[in-house]
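Read the structure below first, then the notes.
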2 protein chains.
Amino acid sequence: MKILIIEDDPLHRVYLRDAITEALPECDLVIEADNGLAGEKLAREHTATHIVMDLQMSTRTGIEAARTIWRERPETAILFWSNYSDEAYVRGVSRIVPEGAAYGYVLKTASEGRLKLALRGIFIEGQCVIDREVRGLQQKSLGQRGGFTDSEYEVLVDIALGLTDRAIARRRNLSLRSVQNRLQQLYEKLDIYRATSPEADTATYNLRARAVSVALLRKLLNVSALEQAEVELGDWMTRR
Amino acid sequence: MKILIIEDDPLHRVYLRDAITEALPECDLVIEADNGLAGEKLAREHTATHIVMDLQMSTRTGIEAARTIWRERPETAILFWSNYSDEAYVRGVSRIVPEGAAYGYVLKTASEGRLKLALRGIFIEGQCVIDREVRGLQQKSLGQRGGFTDSEYEVLVDIALGLTDRAIARRRNLSLRSVQNRLQQLYEKLDIYRATSPEADTATYNLRARAVSVALLRKLLNVSALEQAEVELGDWMTRR
DNA sequence: CAATGAAGTGCGGGAAACCGCAATATGTGG
DNA sequence: CCACATATTGCGGTTTCCCGCACTTCATTG
């Protein structure tokens, strides 16, 4: 059994390697890559089917690497081992996981025991192992209560990129008014109103800018999701 | 000689401890804190004058911790050991360093040799040791060329928080028009114009939203700087 | 099939953002 | 003191944002 580690912090890499050899004696080979791109390459060369990776790497995000790897071999088991439980990451992962693939999401703050348990669960038992902290987000983001629909998330990203209502309408094939409707729902759910307390003589917040701000502060968005969206936007702009 | 480590990642903590004991045999005591708040407390109790800390911690940012520590004892030598060289961090640090204090800024990607050299330079020789990658930013941010003045940076933060022009004017004691002028300079420097290529029939970007976006993408702003600014804004709002 | 509800669209208007122009500080060096 | 650059302010006007209101789809359900 062969396991591929994709992780850019060398300290975390040796920690992972140790945890793996202890938790999985049936593993006889551990390969390592220190960025997403190299990870994709190694996965292809070794036809790796068991991978542990960080999200948030320089040359290629974990999400991106996982997507191309899963596109080539959807049965690959991947454990995401990440510092953060931002909604943007969780949403990004659950958006790309193929039907029936075994995967996991555990935080780096988890104990060594939890990590080892997840390793066995995913790679031996073929289960999905998701940390409780992350699980909470996942529920919320897919279910209704307080969560966001995909279309709301879309406009959130679009205004975060700085697009005008009109540009969003063009991009998403909607009327201007529909875009504005979605924005209003978004403002509603983000609770942008309730803004300032005392004399409401003049508004203190620009709604769209404020929405981006609170989305960032509440970890609904993060910068690497933004980077991703930026290149997608670039594609779209040149394509037309 | 006593050294205080403030760092939330346990792996990095032991790595640091090892590097310190190897590079500084004259050091006979190493104390550790795993967040900024605990770090402040330990610094006070031990009257620590030699500190190595991470920026980017949960309970209290490195910047915040350093500020209170330096306020109490400005001659403290602090080495910032960070993952990122975002302009927001560099600007934050150089904003709070007291006159004549020894400090350093080295990236976690630096070799162990560089780290040890910095440790000796700062704690023994009383020098300032700043990594080249960081140095570049520092030049740019303080000097003119392409850099931002403090007032431009201020409005950048304000629009990132979602404030309206009027609200910014009130907060900074300026006229509405002055705020708008600063914004235009900001847009100029961020190169927001040059935006879309072919048919400029309608604008594709909302300037203020786009400005925040590119500032984030170019690491002129980051989320923890935003969080910081958000609480300052909260203070200001209640105070009036 | 009628009823209910959710999402999209058009119209209209008030508020904010964006910006050119010009007058007035403020300040720095000769 | 004057000359010059820089920053601030006011005015006016266009564009975009924000949103209430009314109408249309379209799907779900009893």
Side-chain angles (χ1 to χ4, degrees), chain A residues 143-145 147-196 199-215, chain B residues 143-145 147-196 199-215:
Chain A
Q144 329 288 25
R145 215 187 50 54
F148 294 75
T149 63
D150 284 345
S151 55
E152 283 156 1
Y153 192 77
E154 257 178 8
V155 293
L156 172 59
V157 172
D158 284 343
I159 62 173
L161 287 173
L163 295 177
T164 61
D165 293 2
R166 226 194 231 43
I168 300 174
R170 273 203 304 273
R171 185 179 187 196
R172 306 295 183 187
N173 280 322
L174 288 173
S175 78
L176 195 81
R177 193 56 177 89
S178 294
V179 174
Q180 295 174 331
N181 279 335
R182 291 186 178 183
L183 282 174
Q184 278 183 260
Q185 297 167 220
L186 186 69
Y187 300 152
E188 198 73 48
K189 290 201 182 170
L190 285 176
D191 205 11
I192 305 293
Y193 315 106
R194 176 194 55 55
T196 99
E199 354 71 288
D201 51 341
T202 52
T204 49
Y205 288 122
N206 171 315
L207 300 184
R208 71 171 37 210
R210 184 59 182 169
V212 174
S213 186
V214 322
Chain B
Q144 330 287 24
R145 216 185 48 54
F148 294 76
T149 64
D150 284 344
S151 55
E152 283 156 1
Y153 193 76
E154 256 178 8
V155 292
L156 172 58
V157 172
D158 284 343
I159 63 173
L161 287 173
L163 295 177
T164 61
D165 293 3
R166 233 193 227 35
I168 300 175
R170 273 203 303 273
R171 184 179 186 196
R172 306 294 183 189
N173 281 323
L174 289 173
S175 78
L176 194 76
R177 194 56 177 88
S178 294
V179 174
Q180 295 174 331
N181 278 335
R182 280 153 130 104
L183 283 174
Q184 278 183 260
Q185 297 167 220
L186 187 68
Y187 299 153
E188 200 71 49
K189 291 201 182 172
L190 286 176
D191 206 11
I192 306 293
Y193 315 107
R194 173 197 54 57
T196 101
E199 356 69 291
D201 51 340
T202 52
T204 50
Y205 288 122
N206 170 315
L207 300 184
R208 70 172 36 213
R210 184 62 181 168
V212 174
S213 187
V214 322

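Order of the sequence lines fixes the chain letters, A, B, ..., with proteins taken first and strands second; residue numbering starts at 1 for each chain.
When the salt bridge (charged side-chain N to carboxylate O under 4.0 Å, His left out) test is applied to B/Arg182, no partner is found at least two apart in sequence or on another chain. For B/Asp150, the side-chain contact (heavy atoms from CB on, under 4.5 Å) criterion is met by B/Arg91, B/Arg95, not counting sequence neighbours. Partners of B/Arg210 under the side chain to side chain donor-acceptor pair (under 3.5 Å) rule, at least two apart in sequence or in another chain, are A/Glu230. For A/Thr164, the side-chain contact (heavy atoms from CB on, under 4.5 Å) test picks out A/Arg166, A/Ala167, B/Asn206, with sequence neighbours left out. The side chain to side chain donor-acceptor pair (under 3.5 Å) search around A/Gln185 returns A/Glu152, not counting sequence neighbours. In this view, B/Glu188 satisfies the side chain to side chain donor-acceptor pair (under 3.5 Å) rule with no residue, not counting sequence neighbours. In this structure B/Ala215 satisfies the side-chain contact (heavy atoms from CB on, under 4.5 Å) test together with B/Leu156, B/Leu220, B/Leu221, sequence neighbours excluded. Residues passing the side-chain contact (heavy atoms from CB on, under 4.5 Å) test with B/Ala169 are B/Val179, sequence neighbours excluded.
Listed pair A/Tyr193 / D/dC19 meets the phosphate criterion, a side-chain N or O lying under 4.0 Å from OP1 or OP2. In this model, the phosphate group of D/dC18 is approached by a side-chain N or O of A/Asn206 to a distance below 4.0 Å at OP1 or OP2.
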Next on the checklist: Between A/Val212 and A/Ile159, is the side chain to side chain contact (heavy atoms under 4.5 Å, CB included) condition met? List the steps.
Outcome noted: CA-CA 7 Å; A/Val212 174; A/Ile159 62 173; 3.9 Å; yes

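Here the P atom of nucleotide D/dT8 and the CZ atom of B/Arg172 are 13 Å apart, to the nearest Å. For the pair B/Ile159 CD1 and C/dC18 C1', the computed distance is 13 Å after rounding to whole Å. Going from atom CG of A/Asn173 over to atom C1' of C/dG8 covers 13 Å, rounded to whole Å. With rounding to whole Å, A/Glu152 atom CD is found 13 Å from C/dA6 atom P. In this structure, CG of B/Leu207 is placed 11 Å from C1' of D/dT15, rounded to the nearest angstrom.
B/Tyr205 and A/Leu161 get closest at one heavy-atom pair: CE2-O, 3.9 Å.
For DNA chain D, the residues of residues 174-186 of chain B within the heavy-atom distance limit of 4.0 Å (strictly under) are B/Leu174, B/Ser175, B/Arg177, B/Ser178, B/Asn181, B/Arg182, sorted by number. Within residues 160-169 of chain A, no residue is approached by DNA chain C to less than 4.0 Å at the level of any non-hydrogen atom.
Screening residues 153-164 of chain B for salt bridge (charged side-chain N to carboxylate O under 4.0 Å, His left out) gives B/Glu154-B/Arg172, B/Asp158-B/Arg171, B/Asp158-B/Arg172 as the qualifying pairs, with residues at least two apart or on separate chains.
Note on the helix from C/dC1-D/dG30 to C/dG30-D/dC1: terminal axis deviation equals 30°, with five pairs used at each end and the result rounded to 10°.
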